[in-house]
Structures are given as structure tokens and as C-alpha cells.
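We count residues from 1, following the sequence as given.
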Amino acid sequence: MRKSETVIGVRALRAKLSAHLRAVAHGHIITIGDRRRQPLARLVPVERSPEDEVLDRLAARGTVQRGAGKPGANPPVRPKRGGRLVSDIVIEDRR
């Protein structure tokens, strides 16, 4: 077991889930055990992938928009003037 690893029961996890998730977000590892503290599962921090960094750069340039909140909460994206719609291109291609 690692230094920052904690073994907790399922009941304790459910009782303070938000606090345990905050601890994991700060780098702690939580092992979930059964009644006899036998390990069942482990909560570990998510490692950032190279794709996440590419998406962050694209979002900073305004090329893409990262998802946040509920779907449909943001106004719809309007197509550029003079450009063809993707749906029209697909319909032409199917003919």
C-alpha cells in the first residue's frame, strides 16, 4: 500500500463520497474494501492524456468548444455565410 493510500468501507465511501472524491482529485488513492477490509476497487486520480492537451490548445484558439454544463444550454453555432452546409454536402454525396 502506498503512503497516500487509504482503505475505506463501502458504507463510509457512500457517506462521504464528495470528500473522498476531493481527496482523489488532490492526488490521494482510496482503496474500497468489503467488511473485512479486503480490497474490492481503487479510486485513483485521472492522468491527463496528450489528447487533452491538444484539445485545450484548440479550445484556447477558439477552434473547438469544450463541453460544459447541460447540453443545449449554449446558443447553437451558426454556420458561416456563403459556406455550404455539411448536410447539403452529405445529401449530394449520397446521390
*Mind checking what makes side chain to side chain donor-acceptor pair (under 3.5 Å) contact with Glu51, not counting sequence neighbours?*
Ser49

*Return the minimal non-hydrogen interatomic distance between Pro45 and Val24, and the atom names on each side.*
CG-O, 3.3 Å

*Nearest-0.5 Å distance, CD1 of residue Ile30 to OG1 of residue Thr6*: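 These two atoms lie 6.0 Å from each other.
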
*Rounded to the nearest 0.5 Å, what separation is found between the CD1 atom of Ile32 and the CD1 atom of Ile8?*
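Ile32 CD1 to Ile8 CD1: 6.0 Å, rounded to 0.5 Å.
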
*Could you check if a side-chain atom of Leu58 sits within less than 4.5 angstrom of a side-chain atom of Arg61, using non-hydrogen atoms only?*
yes

_Would Arg48 and Asp56 count as a salt bridge (Lys or Arg N to Asp or Glu O under 4.0 Å) here? Give the steps._
CA-CA 11 Å; Arg48 289 187 52 86; Asp56 287 342; 2.3 Å; yes

*Near Arg35 CZ, under 6.0 Å, is it more than 12 heavy atoms from other residues, nucleotides or ligands?*
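Result for CZ/Arg35: open.
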
For residues 10-21, dump all side-chain donor-acceptor pairs below 3.5 Å to protein atoms at least two apart in sequence or in another chain.
none

